[in-house]
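One structure is given here, and the rest of the page talks about it.
Per chain, numbering begins at 1; letters A, B, ... match sequence-line order. All of these numbers come straight from a predicted model, not from anything done at the bench.
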Protein chains: 2
Amino acid sequence: MKPKIEDVAKLAGVSPTTVSRVLNNRGYIGEKTRQKVDEAIKELNYYPNEVARSLFGKKTNLLGVIFPTTSNPFYGQLIFHLETLASSLGYKVLLCNSQGREDKEIEYLEMLQRHQVDGIIAGAHNEGIEAYSIPGLPVVGVDRYFSDTIPVVSSDNYEGGRLATELLIKRGCSTIIHINGPISLKTPANLRRKAYEDVMKEHELPHLTYEMESEETEERVLQQLFDANPKVDGIFASDDIIASKVLRVAKTKGIHIPNQVKLIGYDGTETQQLMLPELSTILQPIKLIAEKALDLLIKQIEGGKEEIPYEVVLPITLLESETTR
Amino acid sequence: MKPKIEDVAKLAGVSPTTVSRVLNNRGYIGEKTRQKVDEAIKELNYYPNEVARSLFGKKTNLLGVIFPTTSNPFYGQLIFHLETLASSLGYKVLLCNSQGREDKEIEYLEMLQRHQVDGIIAGAHNEGIEAYSIPGLPVVGVDRYFSDTIPVVSSDNYEGGRLATELLIKRGCSTIIHINGPISLKTPANLRRKAYEDVMKEHELPHLTYEMESEETEERVLQQLFDANPKVDGIFASDDIIASKVLRVAKTKGIHIPNQVKLIGYDGTETQQLMLPELSTILQPIKLIAEKALDLLIKQIEGGKEEIPYEVVLPITLLESETTR
DNA sequence: TTGTATGCGTTATCAA
DNA sequence: TTGATAACGCATACAA
């Protein structure tokens, strides 16, 4: 079937070792020999079997990437950058959609270990999992704390929450509500909420946070939100998806945004910029997050003695648009 | 470091063969032996090395998935379903973002072969590539013809194009323009355009198709479109991203949609339904496409003699919303 | 400069 | 019911 190194060797009239040398450019090789081997490789359309290489070499060049779902443009975009960058560095990505489910995450984690991945980048909005602490397996968290030894990359969630809240206040809002996704205790994203509360307190305004538990009840919760808070004039949604839902519910209730209620979201994905550019939002440096996370992971894998920082915080940008004007 | 089968064997006081038997539930095993082995496995926290298994077994349970980018919600959602389903069937996904570049595709193809993937699912909007015809390597195309032996899964693009165009006509449009992404000769998505032209001809209306070549010139092309066609009253965009751009440009030009121009897109991703629900569109059965593509691929891999259809066409759904009312 | 022998971790074959 | 041995494809140590 597929040609192996031995087939190449035979055709070139040399030993497998020599072929291996040519392939890896290691040791001394005669010029003529190299040519013969190269020809044989081309003729047989040979390429090395990475599985065998991995088994021997104790390195697979495989990276595990665990996030809730590529359906969500934020993760889709982040994973795009992760994979593209990894690819340019010679690493391949094993994709895992955890759907925010801990059982899935644990399954994937085991699978990735069985496949001997060189490292894992993971982010998902639920509790940190002890299972990620695997001796000898480098891990980097994105927007998520796993343990005090696993580095975390995130954007400046506190500053983002602050900018968002302050913008609403500056635009004249005083009854401002914050809407979260499901609670996530160990997530830097919590800082968005903390910042919101801090800013409100600083301005001596009352704060109120809603949490969207399940997808099913979201619409109802949002309806109730408007009914229960007739004086609400500002909403800070913790991501653009939630902001979109707010927009839709407001519309059905005849509430005009931004005239009656101003709204700001969070994330600023390419898709949001295209599909919903009128939404004010906090732009996360998605590509930068990917770069930094990968950088930390590969530093661990290729292990210079370089000190790895425990936490990297990247800058965000306020993107004001129509929903806060 | 990581325990191997031999470590387990030693601890359990049996041979590696026996451990392997327990792991794979193959052959006869004494009840006590099994218990001892199970205990040793737990104690050492052992799990088998899939790389070694793959090398021996000639099967990796790895699937290559090549699409332009997970940043695009359509592919993001498709890949989510592909991976989730594959995972439930015991397969893992190696992710490849080709960015619509043929050179990248070819690179990825080689990489996937080196890694001995069991099969490949690919879709990307450019020419079919001969390189995909790899003896012994099952491939399935999504919305893309590679060769006459590689099966293709797509949704009913012709019917979708027809429904979209007919809707615009029914809503009173007569000067209807179609906007494509970059030309893609070998893509079933071309049928959208064909259907548009057919329907226009049937109604004895003139047809005109614009093609968005590069991202840079898009905005200008769209501007020109409106300037050059002041009487345009209907636009059929070949995907929702393009439709979003039309919406934006129309707004800057003070053209009201749907009052002056009606607009319909194509895809109907979850993200679009959330962020831009007012856009009329053709809903592709993304999950179904994933299911069918995977089904065809796995049938080839696990190779019952079952006949594999060359082409599978899945039904689409018209989703009318405000931009055509 | 090149070749031989060995091992990476697993499983299948065959013998015990 | 269990164990010794060989083989998967490759790259290294060592010898030539």
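Defining each end axis of the helix from C/dT1-D/dA16 to C/dA16-D/dT1 as the rotation carrying four pairs' C1' atoms onto the next four, with five pairs an end, the two axes are found to diverge by 40° to 10 degrees.
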Donor-acceptor contacts under 3.5 Å from residues 284-297 of chain A side chains, at least two apart:
unit_1	atom_1	unit_2	atom_2	d
A/Gln284	OE1	A/Ser155	OG	2.5
A/Gln284	NE2	A/Asp267	OD1	2.9
A/Asp295	OD2	A/Lys299	NZ	3.1

Report, one line per pair, each donor and acceptor closer than 3.5 Å where one atom sits in a side chain of residues 4-31 of chain A; sequence neighbours left out.
unit_1	atom_1	unit_2	atom_2	d
A/Asp7	OD2	A/Lys4	N	2.7
A/Ser15	OG	A/Thr17	N	3.4
A/Ser15	OG	A/Thr18	N	3.3
A/Ser15	OG	A/Thr18	OG1	3.3
A/Ser20	OG	A/Asn24	ND2	3.4
A/Asn24	OD1	A/Arg53	NH2	3.2
A/Asn24	ND2	A/Ser20	O	2.8
A/Asn25	OD1	A/Arg34	NH2	2.6

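Take B/Ser87 and apply the side-chain contact (heavy atoms from CB on, under 4.5 Å) test, not counting sequence neighbours, and it matches A/Tyr108, B/Glu83. Qualifying side chain to side chain donor-acceptor pair (under 3.5 Å) partners for A/Ser147, counting only residues two or more places apart in sequence or in other chains: A/Thr149. For the ring-ring contact (aromatic ring centres under 6.0 Å, His included) test, residues two or more places apart in sequence or in another chain that qualify with A/Phe67 are A/Tyr75. For A/Tyr310, the side-chain contact (heavy atoms from CB on, under 4.5 Å) partners two or more places apart in sequence, or in a different chain, are A/Tyr145, A/Val152. Residues passing the side chain to side chain donor-acceptor pair (under 3.5 Å) test with B/Gln113, sequence neighbours excluded: A/Tyr47. Every residue was checked against the salt bridge (charged side-chain N to carboxylate O under 4.0 Å, His left out) condition with B/Glu39, not counting sequence neighbours, and none meets it. Under the rule for a side-chain contact (heavy atoms from CB on, under 4.5 Å), the partners of A/Glu270 that lie at least two apart in sequence or sit in another chain are A/Gln77, B/Ser71.
Here the range on DNA chain C touched by chain A, meaning any atom under 4.0 Å from one of its heavy atoms, is C/dT1 to C/dG9.
Put simply, the residue from A/Ile150, A/Asp148, A/Val139 that forms a side-chain contact (heavy atoms from CB on, under 4.5 Å) with A/Ser133 is A/Ile150.
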Summarise how protein sits on nucleotides 6-16 of chain D as a single string, 5' to 3': B when a protein heavy atom is under 4.0 Å from the base, S for sugar-phosphate-only contact, - for no contact. -BBBBBBB---
